[in-house]
Amino acid sequence: MVGDFSLLPLHAVDNAVVDKTVKLLNSKWPLSTRQEWLLKSSLDLPLSLLLINAPTNELVGHARICGVVNQPTDIYIESVIISESLRGMGYGRVLMNEIHEYCKELGYLRAFLNAKDAAPFYSKLGYLAGNPVQPLRGKASGTISATFEKLFTSIVLYSRRTRCIFDSNVVLLRTLHIRRCHF
C-alpha cells in the first residue's frame with residue numbers, strides 16, 4: 001500500500017467524485033436515490049467521508065457517520081466500503097483509522113457500527129460487541145432499520161479471552177477515548 005491519503009467530507013469534492021461514490025456504493029447496495037442521499041452530507045451529521053489517494057485523486061473508500069439517538073457523544077458508522085480493486089490491501093484499516101481520528105477531533109467518545117461478515121475485521125480494530133443503538137440518520141429522523149429489528153432478537157456470543165465476536169448481525173462498539181471507557 002503506497003500513497004498519501006486524505007479523508008474528505010463528500011460535500012467538499014467535485015461532482016465527478018460524487019458520481020464515483022454513487023457507483024461505488026451502488027455496486028454493493030443498489031439504491032435509486034443514492035445521489036440524493038449522498039448530497040445530504042454536511043458538517044452536521046449525517047456526514048459522508050471519502051478516503052482519497054492524494055497523489056492520484058483516486059477514490060479509495062467511503063463511510064458515513066451519523067449521530068446516535070440520546071447519545072450525543074457517540075457516532076454510528078455505516079456504508080463502509082473500499083473500491084473493489086483495492087480490497088485486501090489494508091485500505092479498510094486506513095479508512096477506519098482516519099475516521100476514528102476525525103471523530104475524536106470532533107469530540108466524539110464512542111463509535112458504533114453494524115457488521116455482518118466483517119465482524120472479525122472490526123474486532124481487530126478494537127471493536128467489541130455492544131448493545132444495539134438507534135442511529136440518527138437525518139436531522140430529525142431516528143427510525144430503527146430492519147437490521148436493528150433483527151438485532152433485538154439476536155444472540156451475541158462474546159469471548160473476553162479471545163475478544164472474538166460470533167454473530168452474523170452484531171453491533172460493534174469501539175471506545176474512541178480510552179480514559180472514559182466503561183465496560
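The model shown is predicted, which means the values in this text are computed figures rather than measured ones.
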Looking at [X] and [Y], what are the two nearest heavy atoms and their distance?
X    : Y    : answer
I99  : A63  : CD1-CB, 3.2 Å
A115 : A118 : CB-C, 4.2 Å
V13  : V18  : CG2-CG2, 4.0 Å
R93  : F121 : N-CZ, 3.7 Å
A111 : I77  : CB-CD1, 3.9 Å

Is it true that a side-chain atom of R87 and a backbone atom of I82 form a donor plus acceptor pair closer than 3.5 Å?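 Looks like yes, one N/O pair under 3.5 Å.
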For the side chain of S83 and the backbone of L59, is there at least one donor-acceptor N/O pair under 3.5 Å apart? yes
Would you call [X] and [Y] a side-chain contact if the rule is heavy atoms closer than 4.5 Å?
X    : Y    : result
V133 : D74  : no
V68  : R110 : no
N97  : F5   : no

How long is the gap from [atom1] on [X] to [atom2] on [Y], to the nearest 0.5 Å?
X    : Y    : atom1 : atom2 : answer
L49  : H11  : CG    : NE2   : 9.0 Å
L47  : L10  : CG    : CG    : 8.5 Å
L51  : L95  : CG    : CG    : 5.5 Å
T33  : L38  : OG1   : CG    : 9.5 Å
I75  : L106 : CD1   : CG    : 9.0 Å
L113 : I65  : CG    : CD1   : 12.5 Å

Quiz question: by atom type and distance under 3.5 Å, do the side chains of H62 and S48 form a donor-acceptor pair? yes
side-chain hydrogen bond (donor to acceptor under 3.5 Å, both in side chains) pairs, two or more places apart, involving residues 14-32: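 Checked against side-chain hydrogen bond (donor to acceptor under 3.5 Å, both in side chains) - neighbours excluded - the pairs reaching residues 14-32 are N26-R34.
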Output all residues satisfying side-chain contact (heavy atoms from CB on, under 4.5 Å) with S85, sequence neighbours left out; order by chain, then residue number. none
Run the side-chain contact (heavy atoms from CB on, under 4.5 Å) test against E78 and tell me which residues pass, sequence neighbours left out. W37, R64, C66, Y76, R137
Set out, in order, the CA-CA distance, both residues' side-chain angles and the distance that settles side chain to side chain contact (heavy atoms under 4.5 Å, CB included) for Y122 and V80, then state yes or no. CA-CA 11 Å; Y122 290 113; V80 179; 3.5 Å; yes
May I ask you to decide if the ring planes of Y127 and H100 are parallel, tilted or perpendicular, using 30° and 60° as cut-offs? tilted
